[in-house]
Amino acid sequence: MTHDADGLAFTHHQDTRLIHEGSLRSQFGETSEALFLTQGHVYASAEEAEARFTGESPGYQYARFSNPTVDMFERRVAAFEGAESARATATGMAAVTAALVGQLKAGDHVVSARALFGSCRYVIEEFLPRFGVATTLVDGPDLGAWKAAVRPETKTFFLESPANPTLELVDIAGVAQIAKAAGATLVVDNVFASPLWQRPLQLGADCVVYSATKHIDGQGRCLGGVVLASEAFIQTHVQTYLRQTGPAMSPFNAWVLLKSLETLPLRVARQTQTAETIADALQGHAKLVKLVYPKGRHHPQAALAARQMSGGSSLIALEVKDGKAAAFRFLNALRIVKISNNLGDAKSLVTHPATTTHQRFTPEQRAEMGVGEGLVRLSVGLEHPDDLIADLNAALDAV
Ligand SMILES: *Cc1c(COP(=O)(O)O)cnc(C)c1O
């Protein structure tokens with residue numbers, strides 16, 4: 001079997017590449033990619049086994065290292081991102097951890113934006129320091145703060161933009177320049193923009209990570225993650241770490257996520273369009289302190305959004321008046337929109353970050369990240385926009 005790119009070249013549109021790129025067709029000529037649910041592979045001879053392990057003979061050995069279905073997913077997602085190489089992981093957090101830990105050793109220093117998904121912040125703030133890696137958290141939008149945090153031993157920068165859950169933006173090209181000047185790399189967690197609307201590698205980042213659990217699956221089924229970078233970055237920092245420590249993606253999950261990539265542009269474009277319609281409908285609502293959405297009048301950094309994102313997001317941040325009790329009344333009054341800490345799903349989901357994803361932080365840390373008691377994160381799904389707006393309005397009335 002060989003990788004069948006169906007005659008695709010980089011001149012083909014992303015939509016086309018997402019349908020065909022990376023396909024490995026077996027002797028049966030299946031149209032839908034096969035699920036190779038196998039831990040290992042048999043070799044025709046002991047010599048062949050030896051050659052696989054030395055790398056002289058191409059092919060698969062063991063699913064912790066690689067698997068045909070996982071390989072198809074990696075090739076397809078890399079083509080979409082415009083990255084030379086990709087490695088799939090069991091979860092988004094495994095991807096974040098691999099991208100960071102793979103580059104670091106005791107004595108190194110990391111600079112990160114402080115507005116982060118709770119688990120990303122745990123890795124930076126608590127996990128890495130346990131192994132002698134110093135970390136500095138900065139105010140992401142303040143480029144001067146990134147520059148001032150650099151030390152001779154700074155190895156990597158990390159950020160999310162838009163950040164979870166505040167949708168705060170960081171100037172990716174600006175931070176990439178500071179990283180380059182400091183001889184450090186930049187890792188961007190691009191989950192909130194989705195691969196459809198933002199291309200951090202083109203903005204100067206060295207590595208992009210996704211939780212494939214979110215928009216890539218898009219239907220709330222499988223956990224997954226992916227690390228994307230140049231072949232050199234993957235070989236130097238990621239490949240051996242993943243192979244030897246084992247946070248591999250299951251072939252079953254890879255198959256689901258591979259098929260999901262085919263519809264990603266359709267789903268995310270529709271979710272984004274609906275999110276924008278909702279933002280327009282609810283902006284200025286009497287029960288809201290604010291509504292943040294990364295586009296136009298809905299975002300204080302709209303010019304930056306226009307510069308580095310080709311579309312908005314499927315997420316909206318709402319701050320309900322009168323804090324936690326009011327936010328809970330709002331959540332509990334929703335009928336179509338479900339309460340869940342996930343995002344990027346076909347079902348619209350709402351979460352109260354202060355008591356869920358960001359619960360373990362002190363109120364001071366939450367305030368510093370912009371996670372107030374009234375903050376609600378809305379992930380817009382594929383339902384009809386009119387039904388969603390009616391549901392949201394009715395729930396706000398109930399506050
Ligand atoms: C969900 C999420 C992750 C973690 O992904 P998992 O697949 O749940 O491990 C990392 N970063 C961001 C921004 C996320 O939203």
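For ligands, and for the atoms within them, numbers begin at 1 and follow the listed sequence.
- Heavy-atom proximity to atom 10 (C) of ligand 1, evaluated over D217, V191, N164, D189, is greatest for D189.
- For ligand 1 and E160, the ligand atoms under 4.0 Å from any heavy atom of the residue are 13 (C).
- Within the 4.0 Å heavy-atom criterion, neither part of A212 lies near ligand 1.
- Taking the charged nitrogens against the carboxylate oxygens, R297 and D280 do have a contact shorter than 4.0 Å, which makes a salt bridge.
- Salt bridge absent: R114 and E125 never bring a charged side-chain N and a carboxylate O closer than 4.0 Å.
- Close approach of ligand 1 to K214 (heavy-atom distance below 4.0 Å) involves ligand atoms 1 (C), 2 (C), 3 (C), 5 (O), 14 (C), 15 (O).
- If you check the side chains of N67 and Y60, you find no donor sitting under 3.5 Å from an acceptor.
- Taking a cutoff of 4.0 Å between a charged side-chain nitrogen and a carboxylate oxygen, E33 and R76 qualify as a salt bridge.
- The closest approach between a heavy atom of C120 and any atom of ligand 1 is below 4.0 Å.
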query = Run the salt bridge (Lys or Arg N to Asp or Glu O under 4.0 Å) check on K347 and E383 step by step: do they pass?
reply = CA-CA 7 Å; K347 294 181 170 62; E383 300 93 341; over 6 Å; no

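- When each atom of ligand 1 is checked for a heavy atom of T91 under 4.0 Å away, the hits are 7 (O), 9 (O).
- Classification of R366 and E373 as a salt-bridged pair holds, one side-chain N sitting under 4.0 Å from a carboxylate O.
- Per-residue contacts place M93 under 4.0 angstrom from the following atoms of ligand 1 (heavy atoms of the residue considered): 4 (C), 5 (O), 6 (P), 9 (O), 10 (C).
- Under a 4.0 Å N-O distance rule, the pair E48/R52 qualifies as a salt bridge.
- For ligand 1, the polar-atom distance check finds an N/O of G92 within less than 3.5 Å of one of the ligand's N/O atoms.
- In this structure, atom 3 (C) of ligand 1 lies nearest to the protein heavy atom F117 CE2, 3.4 Å.
- If you check each of G224, S211, C222 against atom 8 (O) of ligand 1, the one with the closest non-hydrogen atom is S211.
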